[in-house]
There are 2 protein chains.
Amino acid sequence: MRDDRFCNSNCPFTRAIGTIGNKWKPIIINVIGTRTIRFGQLDSIVPHISRKVLTEQLKELEEDGLLERFAYKELPPRVEYKLSEKGLAFLPILESIKEWNCKYEVAPIPGEAGKKSRVNYARMP
Amino acid sequence: MRDDRFCNSNCPFTRAIGTIGNKWKPIIINVIGTRTIRFGQLDSIVPHISRKVLTEQLKELEEDGLLERFAYKELPPRVEYKLSEKGLAFLPILESIKEWNCKYEVAPIPGEAGKKSRVNYARMP
DNA sequence: ATTTGTAGTTACCCAATGGTAACCAGAATA
DNA sequence: TATTCTGGTTACCATTGGGTAACTACAAAT
């Protein structure tokens with residue numbers, strides 16, 4: 001799910017997109033935020049993701065230095081994740097994407113025919 | 001290639017990722033920048049993209065209000081694209097991603113065994 | 001003795017992504 | 001007359017993404 005061609009580009013921006021430019025990683029980074037979180041929590045908080053894909057994404061984020069992983073040799077096992085300095089430095093960017101979207105997103109007119117309208121703007125957990 | 005579940009989320013951030021959270025759109029927006037550009041130019045500048053995918057991405061970007069399309073009824077046809085206000089407002093975010101990557105990216109040690117090293121850091125056209 | 005719980009891994013399979021090549025219009029050019 | 005040029009669209013096909021379910025280890029609880 002990392003794009004090797006992008007990651008080996010000679011353009012730093014293209015490489016960045018190769019690293020974090022898919023739909024899951026920004027969501028995961030945003031959900032983690034500044035807290036320490038366990039695998040099971042992520043699995044239940046991130047909407048619609050499967051354990052398999054979550055595992056893959058977390059592994060890549062760790063390899064790319066955005067995430068730190070702490071595995072405790074207990075039973076049942078416990079694994080905790082938190083953002084690294086690099087990952088934390090990415091949070092303001094996500095925040096500005098949020099603001100950008102809120103400012104420019106075209107909200108569908110409620111009840112307009114032929115368009116499925118959104119329900120409400122509740123906050124993410 | 002837009003993720004409907006994301007786009008219909010009740011979380012504005014998730015919706016934003018549903019809209020621009022794939023590998024091509026940030027690249028395309030970055031390539032266009034502040035200029036007016038023709039389809040054929042984009043096709044030759046954006047690396048590795050096929051005409052089909054480029055067409056789809058441009059159409060979605062237009063539908064999502066990031067891009068304006070001007071088709072001239074000439075022969076051979078001419079179509080020009082430029083970023084809308086919304087699209088232009090996204091450029092600073094891409095710029096900060098670029099800076100973030102340059103600051104935190106772990107450059108491979110040149111000549112290190114077992115790793116394919118990058119060539120050089122030339123500028124994008 | 002069996003169940004429960006965590007954090008995965010693996011195999012299997014279907015749906016979606018995306019690439020290639022052919023085709024289009026219609027004027028200009030050779 | 002045939003070719004070229006542009007900005008697509010379409011059909012076809014291979015690759016990939018990603019979902020589900022089963023399986024793992026081992027301790028603690030029932």
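Throughout, protein chains are lettered first and strands after them, A, B, ... in sequence-line order, and every chain is numbered starting at 1.
Of all nucleotides in DNA chain D having an atom under 4.0 Å from a heavy atom of chain A, the first and last in 5' to 3' order are dG17(D) to dA27(D).
With contacts defined as side-chain heavy-atom distances shorter than 4.5 Å, the pair Arg69(A)/Val79(A) qualifies. Inter-residue side-chain proximity for Leu54(A) and Ile28(A) is flagged as met; some heavy-atom pair is nearer than 4.5 Å.
Residue Glu80(A) contributes atom CD, which lies 12 Å from atom P of dG8(C) at whole-angstrom precision. Here dA16(C) presents its P atom at 16 Å from CZ of Phe6(B), a figure rounded to the nearest Å. Spacing between atom CZ of Arg51(B) and atom P of dC23(C) amounts to 16 Å, rounded to whole angstrom units. dG8(C) atom P lies 8 Å from atom CG of Leu54(A), rounded to whole Å. One interatomic measurement links the two molecules: CG of Leu42(A) to P of dT6(C), which rounds to 14 Å at whole-angstrom precision. At whole-Å resolution of the value, CD in Gln41(A) and P in dG5(C) are 16 Å apart. When rounded to the nearest whole Å, the span between NZ of Lys52(A) and P of dC14(C) equals 14 Å. Between Lys59(A) atom NZ and dT10(C) atom C1' there is a gap of 12 Å when expressed in whole angstrom units.
For Glu85(A), the CD atom counts as loosely surrounded, since its 6.0 Å shell holds 12 or fewer non-hydrogen atoms of other residues, nucleotides or ligands.
Geometrically, Lys86(A) does not engage Tyr104(B) in a cation-pi contact, judged by NZ or CZ lying under 6.0 Å from the ring centre and within 45° of the ring axis.
Between Asp43(B) and Arg38(B), none of the side-chain N atoms (NZ, or NE/NH1/NH2) sits under 4.0 Å from a carboxylate O, so this pair counts as no salt bridge. A salt bridge links Glu95(B) with Lys98(B); the closest basic N to acidic carboxylate O contact falls under 4.0 Å. Ionic pairing of Arg78(B) and Glu80(B) is present here: one or more N-O contacts between side-chain nitrogen and carboxylate oxygen are shorter than 4.0 angstrom.
Between Ile49(A) and Pro77(A), the one whose closest nucleotide on DNA chain D sits nearer the 5' end is Ile49(A). Both Ser50(A) and Pro76(B) lie close to DNA chain D; mapped to their nearest nucleotides by heavy-atom distance, the more 5′-ward contact belongs to Pro76(B). Closest-nucleotide positions on DNA chain C for Arg5(A) and Leu58(A) were compared, and the one nearer the 5' end corresponds to Leu58(A).
A close approach under 4.0 Å does not occur between any side-chain nitrogen or oxygen of Arg78(B) and OP1 or OP2 of dA27(C).
Among the protein residues, Tyr81(B) comes within range of the sugar-phosphate backbone only, with heavy atoms under 4.0 Å from sugar or phosphate atoms but none that close to a base. Counting non-hydrogen atoms under 4.0 angstrom, Arg38(B) reaches the backbone sugars and phosphates but no base.
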